[in-house]
Amino acid sequence: MRSFLLVYDRLRGELLEEREFPDRSEALKARFAAEREGRPGHIEIVALNADSPEAMRRTHARYFQSAGELTRGGSMMWARVRRRSALP
């Protein structure tokens, strides 16, 4: 299992930083240090574990997509939900 630190700007929908660490404890230390920097509330700092960077990108895709991609994905999901729930 590999550990990663991500710094994500929710307002811009942009990944600002991605770093890999040898173990979870190092990633958590880096997360807490980044949180102490006093960043604005729309900056999200997370420590994640995954088997590979590719697996992390699949399981936490929102950190790697643009705001437009996320919006389109959400719109498509709601369209599918509405179609499934429509009465015959």
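For this chain, numbers begin at 1 and follow the sequence in order. Computed from heavy atoms alone, side chains included, the values below leave out hydrogens, waters and symmetry copies.
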Could Arg39 and Glu44 be called an ion pair, given the rule that one side-chain N must be under 4.0 Å from one carboxylate O? no
Using distance alone, with no hydrogens and no angle criterion, decide if Ser3 and Asn49 have a side-chain donor and acceptor under 3.5 Å apart. yes
If I take atom OH from residue Tyr8 and atom CZ from residue Arg62, how far apart are they, to the nearest 0.5 angstrom? 6.0 Å
Do the side chains of Arg24 and Glu26 get close enough for a salt bridge, i.e. N-O under 4.0 angstrom? no
Is there a side-chain contact between Tyr63 and Glu18 in this structure, where contact means two heavy atoms from C-beta onward sitting under 4.5 Å apart? no
Counting only N and O atoms by type, is there a donor-acceptor contact under 3.5 Å from the side chain of Arg57 to the main-chain atoms of Pro53? yes
When you group the ILVMFWY residues by side-chain heavy-atom contacts below 4.5 Å and let the links chain together, are Phe21 and Val46 in the same group? no
State the CD1-CD distance between Ile43 and Glu14, to the nearest 0.5 angstrom. 9.0 Å
Distance, nearest 0.5 Å, that separates CG of Leu6 from CD of Glu17: 9.0 Å
Minimum-distance pair of heavy atoms, taken over all atoms of Phe4 and Ala27: O-CB, 4.2 Å
Can you check whether Asp51 reaches Arg2 side chain to side chain, under 4.5 Å on heavy atoms? no
Less than 4.5 Å apart, side chain to side chain, heavy atoms only: is that true for His42 and Asp9? yes
For the pair Arg58 and Glu54, find out whether any cationic side-chain nitrogen is under 4.0 Å from an anionic carboxylate oxygen. no
So CG of Leu48 and CG of Leu5: to nearest 0.5 Å the spacing works out to 8.5 Å
